[in-house]
Each structure stands twice: as C-alpha cells, then as structure tokens.
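Reviewing the structure listed below.
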Amino acid sequence: MEYLKEIIDKFFITDDRWRYFTDGLLITLQVTAGALLLGLVIGIVVSIIRSSHDQIKQEELSLPARTVFWLLNTAARLYLTVIRGTPTLVQLLLFYFFFLQNLESKVMAATIAFGINSGAYLAEIFRSGIMSIDQGQMEAGRSLGLSYTVTMRKIILPQAFKNALPALINEIITLLKETSISGYIGLNDLTRGAEIVGGATYEQLIPLLAAAVVYLAVVMFFTWIMGIVERRLRESDRR
C-alpha cells in the first residue's frame, strides 16, 4: 500500500499532474467527436457519389449529367486513393504545417485532418452497406413514384446504416486511438500528457500505462454503448 501511495503521489498528486491526463482526455474526445462528425458528412457524400455512379445507367443520362457524374466520381476515387494510400501521421503534419498553417487552433487542425482521413474509410464502409442492399429495393421505391434521392434517403440509407454499423463501430474506435499521434503537432492530448508526466518524473512506464488504461476504458465504454444500439436495432427489425 505504501508503494502504491508513493506512485499515486509521484505521478498524479504532485504538481497536479493528474490534470495532464484529464485535460488530455478531454482534448482527445473533442478531436475524436469533431473528426467523426466531419468524417460522417464526407463519408456519406462520397459513398452516395460512388454507389450512384455504379448503380445508375450512364446511357440514360444526358451528356451534361453524365459529365458531372464522371467528374464527381473521379474526384471521389482520387480522394479515396490518396487518403487511404498515405500514412495518417504524414497527413496530420501536412495539414498542420502547410494546408492549415494559418489556423491558430491546433485542436481544429487535428480535427480537420483526422476528419478528412476518417471520411475516406467511412465512405467505403457506407458504400459497402449501400451496395449490400438488394437492387429491388431501389426499383420498388422508384415504382412507387419516389425520386432517386428520396428512395436513397428513406429506404436505402437506413438499411445500409444497419448493415454498416459493426464496421462503423470499429472505425470510431480506430479514430479514437489514432488521435494519439496529435502530440506531433504539439497538441497536449492524452498520450502527450502522459509523456509530459514521464518527462517530469524521469519514468515513462507508469504514465504510459495510465494512459493505456484510460484509452481502454473509453474504448470499452464506446463498445458497450454501440452494443446496446445494435441490440435495439435488431429488436426493431423483428417487430
């Protein structure tokens, strides 16, 4: 007990070092939440563009509409290729030091960088969910007089979301853990806070273990919440 008390006092109580962990966790959750919202918007838009291009018969469209579709699909594919083909850390550094160098908020820069990165993966998750829905669902909606947009919004996307939910949960967890590299741009997130405490005490093991425990607790909490959502969605399908 005496040894445990010394550890708590040295790494958490002295100089209010526990604040590095709590403040870092707050920043980590803030960046994760903002990046997730941005990624969802980008992912939904890109997935609809990609899936619509694959599903709609191009010969039925006018030349201007076909050209717009081709440009949008090309831009979406280029975005997916570049983002998924380069390391997240490199993207974070490029956004902070070059593309967003006039942005004063490091939290906002990290949020945008991680959001754009996550959007590429969410786009493929949503696209796989959309493509998993039987084509007859779209045809049934159109036969009822619904437009393509309304059919997609009210019939296809809700079902696609349910199918993509497990992969979406994994992406949220991955996004949370990926924010641990935010320290490379000087953002005092949870991992960076643990490193600061380790530097002040000249011992890195305990602070890093503490950060790992906090990450694990947050991931387990998110997994529990998403498990409840999944169960309720399955129950609603049986009704």
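- The side-chain contact (heavy atoms from CB on, under 4.5 Å) test applied to D16 returns W18, R19, not counting sequence neighbours.
- Contact record, Q91 with T86: NE2-OG1, 2.7 Å, taken as the closest heavy-atom pair.
- Here OG of S132 is found 12.5 Å from NZ of K162. Values are rounded to the nearest 0.5 Å.
- Heavy atoms only, all atoms of each residue included: A194 and P207 are closest at O-CB, 3.3 Å.
- Checked by atom type and distance alone, the side chain of S118 never pairs as donor or acceptor with a backbone atom of G115 at under 3.5 Å.
- Side-chain contact between I206 and V197: absent, with no pair of heavy atoms (C-beta onward) separated by less than 4.5 Å.
- For the pair E178 (side chain) and F114 (backbone), a donor-acceptor distance under 3.5 Å is absent.
- Hydrophobic clustering of Ile, Leu, Val, Met, Phe, Trp and Tyr side chains at less than 4.5 Å, counting indirect connections, keeps V213 apart from L25.
- The distance from the CG atom of L157 to the CD1 atom of I130 is 5.0 Å, given to the nearest 0.5 Å.
- Looking at every heavy atom in both residues, S180 comes nearest to T191 through CB-OG1, 3.2 Å.
- The two residues Y96 and A109 come nearest to each other via the heavy atoms CD1-CB, 3.9 Å.
- Hydrophobic clustering (side-chain heavy atoms under 4.5 Å, transitive across Ile, Leu, Val, Met, Phe, Trp, Tyr) keeps L71 apart from L78.
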Subject >> From CA spacing to verdict: side-chain contact (heavy atoms from CB on, under 4.5 Å), L92, N117 >> reply: CA-CA 9 Å; L92 176 63; N117 176 270; over 6 Å; no
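- V150 and I155 fall within a single hydrophobic cluster, where Ile, Leu, Val, Met, Phe, Trp and Tyr are joined by side-chain heavy atoms under 4.5 Å apart, directly or via other members.
- Side chains of T179 and L187 form no contact here, defined as non-hydrogen atoms less than 4.5 Å apart.
- Listed by first and then second residue, the salt bridge (charged side-chain N to carboxylate O under 4.0 Å, His left out) pairs that reach into residues 95-109 come to none, sequence neighbours excluded.
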**OP:** Mind running side-chain contact (heavy atoms from CB on, under 4.5 Å) on T201 and R17 for me, showing each step along the way?
**Re:** CA-CA 10 Å; T201 59; R17 287 170 183 158; 3.2 Å; yes
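- The hydrophobic cluster containing M220 does not contain F21, counting ILVMFWY residues as joined when their side-chain heavy atoms lie under 4.5 angstrom apart, directly or transitively.
- Considering CG of L29 and CG of L176, their distance stands at 7.0 Å, rounded to 0.5 Å.
- A 4.5 Å side-chain heavy-atom check between Y215 and T28 finds at least one atom pair inside the cut-off.
- Side-chain contact between I112 and F99 is absent, with no heavy atoms from C-beta onward closer than 4.5 Å.
- Between I169 and M226, the shortest heavy-atom contact is CD1-CB, 3.2 Å.
- Expressed to the nearest 0.5 Å, how far CG of D189 lies from CG of L26 amounts to 11.5 Å.
- Shown here for L190 and A211, the closest heavy-atom pair between the two residues is CD2-O, 3.9 Å.
- Atom CZ of F97 has more than 12 heavy atoms from other residues, nucleotides or ligands within 6.0 Å.
- Under the 4.5 Å side-chain criterion, counting only non-hydrogen atoms from C-beta, L37 is not in contact with V41.
- Rounding to the nearest 0.5 angstrom, the gap separating the CG atom in L72 from the CH2 atom in W70 is 11.0 Å.
- Residues I185 and F95 have side chains not in contact (no heavy-atom distance under 4.5 Å, counting atoms from C-beta outward).
- With a 4.5 Å cut-off on side-chain heavy atoms, V218 and T32 do not count as touching.
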Subject >> Audit row: I49, V46, side-chain contact (heavy atoms from CB on, under 4.5 Å) steps and yes/no >> reply: CA-CA 5 Å; I49 292 173; V46 173; 5.5 Å; no
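- Residues N188 and D23 have side chains not in contact (no heavy-atom distance under 4.5 Å, counting atoms from C-beta outward).
- F98 and Y184 end up in the same hydrophobic cluster when Ile, Leu, Val, Met, Phe, Trp and Tyr side chains are linked at under 4.5 Å.
- I172 CD1 to L40 CG: the interatomic distance, rounded to the nearest 0.5 Å, is 7.0 Å.
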**OP:** Show the numbers, then the answer: is there a side-chain contact (heavy atoms from CB on, under 4.5 Å) between T111 and L38?
**Re:** CA-CA 8 Å; T111 299; L38 178 59; 5.5 Å; no
Acceptor/donor pairs from residues 120-128 side chains to any protein atom, 3.5 angstrom cut, sequence neighbours excluded:
residue: E124; atom: OE2; partner: R127; partner atom: NE; Å: 3.4
residue: R127; atom: NH1; partner: D54; partner atom: OD2; Å: 3.3
residue: S128; atom: OG; partner: E124; partner atom: O; Å: 3.3
residue: S128; atom: OG; partner: I125; partner atom: O; Å: 2.6

